[in-house]
Amino acid sequence: MRWSHYYLYTTREVPADAEVPSHRLMLRAGLIRKTAAGIYTYTPFGWRSLAKLKAIVRREIDRAGGLEMSMPMVQPAELWKKSGRWQRYGKELARLEDRHGREFCLGPTHEEVITTMVGRDLSSFRQLPINLYQIQTKFRDEIRPRFGLMRGREFLMKDAYSFHTTAECLDTTYQAMAAAYRKIFEACHLDYTMVEADTGAIGGSDSHEFMVLAQTGESEVVHNATDGYAANVEKAEIGALRAPAQEEAVDRREVATPGASTVKEVAELLGVDVLKVVKTLLYQTDQGVVAVVMRGDREVNEVKLQNLLDAEFVAMANEAAVREATGAPVGFAGPIGLAEGVRLIADESVRPLTNFVCGANKDDAHFTGVNWGRDAEPDQWADLLLAAAGDPSPLGGGELVSSRGIEVGHIFKLGTKYSEAMGCDFHSEGGGKEPMIMGCYGLGIGRTVAAAIEQNHDEDGIIWPIPLAPFQLLLLSLNAKDEAVTAAAEALYGQFQEAGIDVLFDDRKERPGVKFKDADLIGIPIRVVVGAKSLAEGQVEMSLRRTREREMVAKEGVLARVRELLAAPA
RNA sequence: CGGGGCGUAGCUCAGCCUGGUAGAGCGCACGGUUCGGGUCCGUGAGGCCGGAGGUUCGAAUCCUCUCGCCCCGACCA
């Protein structure tokens with residue numbers, strides 16, 4: 001491709017709203033343009049990179065037995081009402097009406113559509129298992145889109161759905177898809193990790209996420225290198241915490257704690273360790289108001305809470321609700337004397353505490369010397385602790401380490417949640433009718449490309465991994481008016497094209513400085529520079545974007561050298 | 001949805017407080033210059049100052065409403 005005839009416009013300045021490197025560089029390098037908040041246009045240049053990733057994804061999913069298809073982006077409300085998600089999905093589901101007033105939504109995912117289709121077409125165990133996938137534009141009306149393609153509202157995603165007669169069969173496909181994902185991310189040369197995950201709004205049992213490790217990632221993951229445990233922090237289990245020393249029970253006393261509404265303030269005021277202070281958090285849920293007692297220095301994992309309650313939503317109670325439940329302003333809640341009907345759940349971390357401090361459900365007052373059994377008893381004990389770096393791994397390998405990741409893939413065992421709702425049954429060998437057992441497998445296309453940039457860039461621009469680079473090679477001709485240079489560059493361009501190499505030929509009438517800056521910015525892995533001085537000696541300069549190592553190569557030997565570099569592991 | 005901020009040339013922004021002829025840099029066009037790391041000089045095109053209403057002799061500037069965008073939070077295959 002000749003740059004002079006191509007659609008590739010770089011910018012020196014950045015729109016001020018780009019905060020993370022991938023977003024900034026994708027705009028500057030002319031890969032994407034913003035059309036609306038969280039909605040982007042992919043330029044021809046950017047689209048090439050996405051196309052490369054799509055090809056890798058297709059290759060691996062096809063090998064894993066997937067069959068490519070395509071489903072509509074606009075879906076009838078009827079299907080979503082049938083699965084119950086029309087109500088449950090919330091405002092993220094973009095809804096619209098057609099001219100007749102019929103309700104539709106923009107598909108954020110496609111369980112309803114695929115399950116309905118498979119349910120109609122397949123009816124026998126003999127037709128199973130089957131694994132269908134598509135690469136398609138999704139729409140989720142995110143509350144706050146940000147970071148360019150990392151969290152857009154409209155985005156490209158590969159989603160696959162598998163249908164089975166048995167859990168074992170589902171597991172086989174699940175493992176095969178996990179293996180395919182590994183191959184995909186390895187083929188992209190990404191530093192990633194697979195972690196246990198919560199199933200969220202999609203539902204189901206087993207679930208794993210594929211995280212590309214990056215500081216700018218929106219998810220926190222914890223892992224332990226010794227025992228191999230790795231999980232999204234939302235899901236993470238924790239080994240036994242060190243138990244505090246047991247004390248002889250003392251009398252419970254109410255003490256004045258004016259203005260001390262945080263654990264830290266209370267601990268300081270009373271001169272005790274924060275570990276001695278418990279906090280009681282009030283949540284509003286569709287199951288009613290819930291009070292959670294948590295160790296003073298730790299956070300509640302709201303996902304664990306939601307799963308425990310089997311709740312549709314869980315949110316911190318507002319001030320009015322807190323007052324109603326505790327009779328006190330925020331900051332003085334405790335497990336003793338809560339309003340009627342408030343469910344009290346205590347985290348396991350506070351179980352071994354003796355003579356602890358908690359709010360007195362009274363303005364400016366706390367209790368000291370509180371003991372379980374004698375003074376209070378929760379309706380339920382549970383693990384609601386949000387894992388943190390330094391916690392013991394549940395597998396016993398020592399401390400958990402925390403890192404940040406970009407969620408690029410998420411696979412689920414759905415079970416029969418959708419097949420039952422949508423009536424997707426099969427006749428079993430025994431003649432009975434059973435719901436199909438399903439799995440689903442998502443992979444963010446744009447997000448993966450953004451993650452690749454997040455992991456591969458420097459201060460000058462993108463450093464594409466060869467498999468995702470829009471072009472493999474950038475041929476750069478310096479002196480446009482020098483006939484010998486032009487002729488040599490044209491000859492090389494012809495050779496590269498003939499050899500089937502993805503080449504971008506910078507034949508623009510620009511100064512060398514501009515071309516070099518652009519070359520660094522757009523990050524094509526291999527660069528070949530034809531300039532007057534070296535050409536006089538029959539040589540051209542070759543270099544790699546990643547290492548910046550330069551070498552002079554006789555112009556006759558360039559093609560062979562390029563082939564060598566492309567074959568080498570990146 | 002709560003809190004904060006911003007909408008002025010294609011892009012990045014100044015001007016607004018204290019109302020009086022709409023600006024800069026980059027980009028673009030033209031001429032010259034330069035030619036291995038975003039040359040330099042000159043000329044020029046380009047803006048119902050997001051939209052509506054109000055105050056005023058007069059509004060980019062003050063007031064009200066509205067739309068859009070961004071940041072923090074809650075949220076999230």
Side-chain angles (χ1 to χ4, degrees), chain A residues 9-20 23 27-28 30 33-39 85 89-93 107-111 136 138-148 150-153 155-161 197-204 207-210 218-219 232 234 283-284 302-303 306 313-319 407-412 414 439-445 447 460-461 476-482 485 506 508-521 527 529-536 540-541 543 548 550 552:
Chain A
Y9 301 98
T10 60
T11 56
R12 206 185 317 208
E13 286 171 304
V14 215
D17 52 19
E19 287 189 292
V20 297
H23 189 196
L27 288 168
R28 285 197 56 207
R33 304 265 94 118
K34 187 168 88 169
T35 300
I39 300 176
R85 286 159 114 192
Y89 212 95
K91 287 190 178 168
E92 238 179 83
L93 184 65
T109 173
H110 284 70
E111 283 82 4
Q136 194 235 24
K138 304 270 186 263
F139 191 89
R140 285 184 198 168
D141 200 357
E142 294 281 351
I143 296 172
R144 186 143 88 84
R146 57 185 128 180
F147 303 153
M150 298 240 302
R151 187 173 210 59
R153 290 197 289 174
F155 55 98
L156 265 181
M157 170 168 152
K158 186 282 305 176
D159 50 326
Y161 306 86
D198 184 70
T199 52
I202 294 278
S207 175
H208 289 86
E209 286 170 333
F210 290 80
E218 291 192 275
S219 305
N232 188 312
E234 291 177 347
Y283 286 91
Q284 267 163 328
E302 293 186 8
V303 173
Q306 188 162 0
F313 79 87
V314 162
M316 290 288 286
N318 60 31
E319 222 176 304
E407 180 195 343
V408 290
H410 199 162
I411 60 178
F412 301 79
L414 292 174
C440 82
Y441 319 89
L443 191 156
I445 301 293
R447 197 183 265 191
D460 292 316
L476 199 157
S477 136
L478 289 182
N479 328 75
K481 284 179 188 161
D482 184 320
V485 168
D506 188 353
R508 296 174 302 165
K509 309 226 171 335
E510 288 288 352
R511 293 174 51 81
V514 173
K515 294 191 173 196
F516 285 127
K517 286 289 182 191
D518 272 343
D520 288 345
L521 179 57
R527 191 181 81 182
V529 178
V530 183
K533 282 176 199 158
S534 42
L535 189 64
V540 297
E541 178 199 282
S543 64
R548 297 217 141 114
R550 301 186 198 184
M552 302 308 293

Within the structure shown, what part of the strands sits under 4.0 Å from [X] by heavy-atom distance: base, sugar-phosphate, or nothing?
X      : result
A:E407 : sugar-phosphate
A:D159 : nothing
A:K515 : nothing
A:E234 : nothing
A:M316 : nothing
A:R33  : nothing
A:K158 : nothing

Under 3.5 Å, is there a donor-acceptor pair between the side chain of [X] and the main chain of [Y]?
X      : Y      : value
A:D506 : A:R508 : yes
A:K158 : A:G409 : no
A:R33  : A:L27  : yes
A:N479 : A:A532 : yes

Note: for A:V514 and A:M157 on RNA chain B, the residue whose nearest nucleotide lies more 5' is A:V514
Mapping A:V530 and A:R144 onto RNA chain B by nearest heavy atom, which one lands closer to the 5' end? A:V530
Below 3.5 Å is the cut-off: list the nitrogen or oxygen pairs between protein and nucleotides 22-26 of chain B, distance only.
unit_1, atom_1, unit_2, atom_2, d
B:G25, N2, A:E13, OE1, 3.0
B:C26, O3', A:R12, NH2, 3.1

Quick one: list whatever passes salt bridge (Lys or Arg N to Asp or Glu O under 4.0 Å) with A:K34, sequence neighbours left out. A:D17
Residues forming a salt bridge (Lys or Arg N to Asp or Glu O under 4.0 Å) with A:R550, sequence neighbours excluded: A:E541
Counting only Watson-Crick or G-U wobble pairs whose two distances fall under 3.5 Å, which nucleotide matches [N]?
N     : value
B:G53 : B:C63
B:G68 : B:C6
B:G37 : none
B:C16 : none
B:G47 : none
B:C1  : B:G73
B:G25 : B:C11

Rounding to an integer number of Å, can you tell me how far [X] [atom1] sits from [N] [atom2]?
X      : N     : atom1 : atom2 : value
A:H23  : B:C69 : NE2   : P     : 13 Å
A:D520 : B:G36 : CG    : P     : 17 Å
A:L478 : B:C35 : CG    : P     : 13 Å
A:Q284 : B:C75 : CD    : P     : 13 Å
A:K509 : B:C28 : NZ    : C1'   : 18 Å
A:K533 : B:C35 : NZ    : P     : 10 Å
A:F147 : B:C71 : CZ    : C1'   : 10 Å
A:E510 : B:G36 : CD    : P     : 14 Å

Nearest to the side chain of [X], heavy atoms from C-beta on, is which of [options]?
X      : options             : value
A:E19  : B:C1, B:G36, B:C71  : B:C71
A:E541 : B:G73, B:C35, B:G36 : B:G36
A:L521 : B:G38, B:U34, B:G36 : B:G38
A:K517 : B:C70, B:G73, B:G37 : B:G37
A:P512 : B:G36, B:C71, B:G38 : B:G36

Provide the distance between the two C1' atoms, one in B:G15 and one in B:G31, to the nearest whole Å. 33 Å
Taking B:U18 as the reference, what is the distance to B:A60 when you measure between their C1' atoms (whole Å, please)? 15 Å
Below 4.0 Å: OP1/OP2 of B:U39 and any side-chain N or O of A:R511: yes
What I want to check is whether an N or O donor and acceptor connect the side chain of [X] with the base of [N] at under 3.5 Å.
X      : N     : result
A:N479 : B:G36 : no
A:S534 : B:G36 : yes
A:R28  : B:G38 : yes
A:R527 : B:G37 : yes

Could you state the interatomic distance from CD (A:E209) to CG (A:N232), rounded to the nearest 0.5 Å? 4.5 Å
Atom pair CE/NE2 of A:M157 and A:H410 - distance to nearest 0.5 Å: 10.0 Å
Residue that, paired with A:L535, satisfies side chain to side chain contact (heavy atoms under 4.5 Å, CB included) out of A:L478, A:V485, A:D482: A:V485
For A:E302 and A:M316 the tightest heavy-atom approach is OE2-CG, 4.0 Å
